[in-house]
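First up is the structure itself, then whatever we jot down about it.
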Amino acid sequence: MKLTPNPFTHAIAAGDKQVGLWVTLLGGFQAEVVAASSFDWVVLDMEHSPNDMQSVLGQLQAFERSATTALVRPQTNDPVLVKRLLDLGAPGIVFPMVQTVEECEMAVASTRYPPRGMRGFSGSHRGNRFGRIKDYAAQVENETSVIIQLETRDAIERAEDIAAVDGVSGIFFGPADIAADIGLLGQPMHADVWDLIWSAASKLIAKGVPVGTLVIDGPFATKLLNDGFTFVACGTDAAILSRGADALAAEVKGAV
């Protein structure tokens with residue numbers, strides 16, 4: 001048995017546009033609803049949702065039966081947590097709140113086996129189909145998506161140096177935390193936020209670095225993809241549910 005190629009890793013490296021969604025509702029059952037929607041990629045979020053290893057496992061299992069690549073965002077840039085998620089079979093990691101080149105190097109190293117990194121080795125885990133994938137150790141770093149999230153002004157100022165770290169698959173801008181960092185808490189769509197993001201994103205795009213983000217706005221997501229972003233999540237499962245529920249309740253109550 002050979003390691004299955006990661007479509008998302010190769011797509012963003014080739015510059016193919018990837019449309020995504022943030023998954024925050026727990027468990028495999030909810031994930032199956034989204035898995036049938038044909039998004040190119042999703043992020044299973046552990047930072048701002050009550051996901052744990054068990055619920056992420058169910059979500060990974062749901063998405064493995066689809067054409068969608070399910071990345072995982074851990075709570076923090078923790079090599080032990082990253083090791084466990086990769087052993088669980090996560091095809092990629094979104095590292096939150098990376099501030100420096102050194103933090104980025106640690107993030108990449110946590111996805112690599114020695115001597116190129118510090119990921120602990122296990123011969124039998126879900127990621128290598130319990131020892132059945134014989135080329136796993138040799139090939140996994142070529143398939144694993146390593147997405148580095150920049151969420152402050154200081155991090156954005158270091159974007160080119162961070163993106164140049166060997167092993168980085170793409171750079172992800174977090175507009176909500178960037179907004180908070182520059183005194184615009186709760187205003188992720190503010191023009192000043194996007195001026196700051198574009199100050200770095202345009203340079204990275206010119207260098208061929210895949211850049212991505214999350215926005216809760218379909219038309220704006222489309223514009224970003226058309227303007228040079230490679231991977232953009234255009235919503236969250238929780239926002240879709242809440243907006244849909246609100247709209248349905250208002251529609252029926254307004255007609256009574």
Validation row, ring centre [X] to ring centre [Y] under 6.0 Å:
| X | Y | answer |
| --- | --- | --- |
| F173 | W194 | no |
| F229 | W198 | yes |
| F8 | F231 | yes |

Hydrophobic cluster identity match, [X] and [Y], side-chain contacts under 4.5 Å:
| X | Y | answer |
| --- | --- | --- |
| L214 | F39 | no |
| M97 | V101 | no |
| F220 | W22 | no |
| I147 | L204 | no |
| L88 | V42 | yes |

Practice problem: Inspect the surroundings of CZ in R158 and state if more than 12 heavy atoms from other residues, nucleotides or ligands are less than 6.0 Å away. | Solution: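 Yes, enclosed.
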Self-check item: N226, CG: over 12 other non-hydrogen atoms inside 6.0 angstrom
Solution: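 For N226, atom CG is crowded (more than 12 foreign heavy atoms under 6.0 Å).
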Quiz item: Which of these passes side chain to side chain contact (heavy atoms under 4.5 Å, CB included) with L44: L60, L26, L71?
Solution: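 When L60, L26, L71 are each tested with L44, the side chain to side chain contact (heavy atoms under 4.5 Å, CB included) holds only for L60.
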Is it the case that the side chain of [X] and the backbone of [Y] share a donor-acceptor pair, with hydrogens and angles ignored and the cut-off at 3.5 Å?
| X | Y | answer |
| --- | --- | --- |
| D52 | S55 | yes |
| S242 | A238 | yes |
| R132 | R129 | yes |

Close side-chain approach of [X] to [Y], heavy-atom, < 4.5 Å:
| X | Y | value |
| --- | --- | --- |
| T144 | T9 | no |
| T24 | H48 | no |
| M53 | L81 | yes |
| V168 | I162 | no |
| E103 | T100 | yes |
| L3 | E143 | yes |
| V146 | F95 | yes |
| T236 | L21 | no |

Heavy atoms only: give me the nearest [X]-[Y] pair and the separation to one decimal.
| X | Y | answer |
| --- | --- | --- |
| V33 | S37 | O-OG, 3.7 Å |
| P74 | P96 | O-CG, 3.5 Å |
| D16 | T230 | O-CG2, 3.6 Å |
| L86 | A90 | CD2-O, 3.6 Å |
| I12 | P210 | O-CG, 3.4 Å |
| A31 | A62 | CB-CB, 3.8 Å |

Taking the basic N atoms (NZ, or NE/NH1/NH2) and the acidic carboxylate oxygens, is any pair closer than 4.0 Å for [X] and [Y]?
| X | Y | answer |
| --- | --- | --- |
| D78 | K83 | no |
| K17 | D40 | no |
| E141 | R119 | no |
| R126 | E64 | yes |
| D45 | R73 | yes |
| K203 | E157 | no |

Spacing of [X] atom [atom1] and [Y] atom [atom2] [to the nearest 0.5 Å]:
| X | Y | atom1 | atom2 | value |
| --- | --- | --- | --- | --- |
| M46 | Q59 | CE | CD | 9.0 Å |
| Q18 | L225 | CD | CG | 9.5 Å |
| S110 | E105 | OG | CD | 12.0 Å |
| Q149 | C104 | CD | SG | 12.5 Å |
| F63 | T68 | CZ | OG1 | 6.0 Å |
| L241 | Q30 | CG | CD | 10.0 Å |

Self-check item: side chain to side chain donor-acceptor pair (under 3.5 Å) between Q99 and T152, worked out
Solution: CA-CA 8 Å; Q99 294 283 77; T152 66; 2.7 Å; yes
Quiz item: Does the side chain of S145 pick up a donor-acceptor pair with the side chain of N6 at under 3.5 Å?
Solution: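 On atom types as modelled, these side chains qualify, holding a pair under 3.5 Å.
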Practice problem: Take Q187 and V193 through the side-chain contact (heavy atoms from CB on, under 4.5 Å) test and state the conclusion after the steps. | Solution: CA-CA 8 Å; Q187 302 179 67; V193 173; 5.8 Å; no
Quiz item: Parallel under 30°, tilted from 30 to 60°, perpendicular over 60°: which one fits the rings of H125 and Y136?
Solution: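 Rings of H125 and Y136: perpendicular, as their planes differ by over 60°.
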Quiz item: Given the rule in the side-chain contact (heavy atoms from CB on, under 4.5 Å) test, do D195 and I197 qualify, once you have shown the distances and angles that lead to the verdict?
Solution: CA-CA 6 Å; D195 285 346; I197 290 173; over 6 Å; no
Quiz item: Going through the distances and angles, do V211 and L224 end up as a side-chain contact (heavy atoms from CB on, under 4.5 Å)?
Solution: CA-CA 10 Å; V211 297; L224 289 172; over 6 Å; no
Practice problem: Evaluate side-chain contact (heavy atoms from CB on, under 4.5 Å) for V72 paired with V43, printing each intermediate quantity in order. | Solution: CA-CA 5 Å; V72 183; V43 170; over 6 Å; no
